[in-house]
Amino acid sequence: EMQLVESGGGSVEAGGSLRLSCVMSAYFGSRYCWGWFRQVVGKEREGVAAVYSGGGTTHYLESVKGRFTMSRDNAKRTLYLQMDGLKPEDTGMYYCGAAVVSGGYCDLSVVDQGYRGQGTQVTVSA
């Protein structure tokens with residue numbers, strides 16, 4: 001079974017940066033949507049970034065555009081989320097997600113519909 005392991009969370013002050021990493025336990029084939037989503041206490045879970053394994057547009061949550069950048073190293077089966085200009089409202093548990101998809105469909109609503117990691121906490125203080 002697919003396993004995703006996140007790392008890199010922590011506590012920073014507003015304006016600071018963190019880099020999250022997600023390692024996929026095994027090659028998952030070529031038809032999946034993977035990325036990051038977060039869960040904030042008292043709010044609905046929301047996709048933060050997503051990309052189709054076969055390439056294409058990387059989708060970002062509107063509120064993180066220009067501040068967060070997702071990248072990947074296919075050889076290492078690793079996904080990264082560089083988070084700059086962090087704000088207190090970015091505080092939450094961040095999860096790496098991967099969902100098998102057909103037809104190359106991948107967006108923020110799909111990334112949390114399959115496998116996920118254990119999560120890593122991000123806390124941003126004002």
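Start at 1 with the first residue, then count along the sequence. Since we're looking at a predicted model, the values are computed, not measured.
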Q.
Out of the candidates D90, V64, L108, D112, only one should pair with V48 under the side-chain contact (heavy atoms from CB on, under 4.5 Å) rule; please name it.
A. V64
Q.
On a heavy-atom basis, which atom in L86 and which in R67 lie closest, and how many Å separate them?
A. CA-NH1, 3.8 Å
Q) So, D84 versus S17: side-chain donor-acceptor pair below 3.5 Å or not? A) yes
Q | Between OG on residue S53 and CH2 on residue W34, distance to nearest 0.5 Å | A | 8.5 Å
(Q) With rounding to the nearest 0.5 angstrom, report the OG1 to CG distance, T57 to D107. (A) 11.5 Å
(Q) Hydrophobic clusters here meaning ILVMFWY residues chained together by side-chain heavy-atom distances under 4.5 Å, can you tell me if Y52 and Y105 are in one? (A) yes
Q. side-chain contact (heavy atoms from CB on, under 4.5 Å) between T120 and L20: does it pass, once the steps are laid out?
A. CA-CA 8 Å; T120 185; L20 307 183; 3.9 Å; yes
**Q.** Straight-line distance of L81 CG to S71 OG, nearest 0.5 Å
**A.** 8.5 Å
Q: Return yes if some donor-acceptor pair links the side-chain N/O of T91 with the main-chain N/O of T123 below 3.5 Å, else return no.
A: no
Q: Give a yes or no on whether V111 and Y115 share a hydrophobic cluster (residues Ile, Leu, Val, Met, Phe, Trp, Tyr; joining criterion: side-chain heavy atoms under 4.5 Å apart).
A: no
Q: Mind checking the CD-CD spacing from E62 to E46? Nearest 0.5 Å is all I need.
A: 12.0 Å
Q) For E89, does the CD atom sit with more than 12 other heavy atoms under 6.0 Å from it, leaving out its own atoms? A) yes
Q: Report yes or no: does R77 contribute a side-chain atom to a donor-acceptor pair with the main-chain N or O of M24 at less than 3.5 Å?
A: yes
Q. Can you check whether V124's main-chain N or O pairs, donor with acceptor, with E13's side chain at less than 3.5 Å?
A. no
Q) Minimum heavy-atom separation for M70 to A49, with atom names? A) SD-CB, 3.8 Å
Q: Supply the atom-to-atom distance Q118 CD to C96 SG, rounded to the nearest 0.5 angstrom.
A: 9.5 Å
Q) Of the non-hydrogen atoms in A126 and A14, which two are nearest, and what is the gap between them? A) CA-CB, 4.4 Å
Q. If two hydrophobic side chains count as joined below 4.5 Å and joins carry through other members, does L61 share a cluster with L79?
A. yes
**Q.** Geometric cation-pi criterion R19 and Y80, 6.0 Å radius, 45° cone
**A.** yes
Q: Verify, without hydrogens or angle tests, whether Q82 (side chain) and F68 (backbone) share a donor-acceptor contact under 3.5 angstrom.
A: no
**Q.** Distance in Å, C33 SG paired with H59 NE2, rounded so as to fall on 0.5 Å steps
**A.** 7.5 Å
Q. In terms of hydrophobic clusters joined by side-chain contacts under 4.5 Å, are M2 and W36 together?
A. yes
**Q.** ring pair (Phe, Tyr, Trp, His ring centres under 6.0 Å) partners of F37, counting only residues at least two apart
**A.** Y95
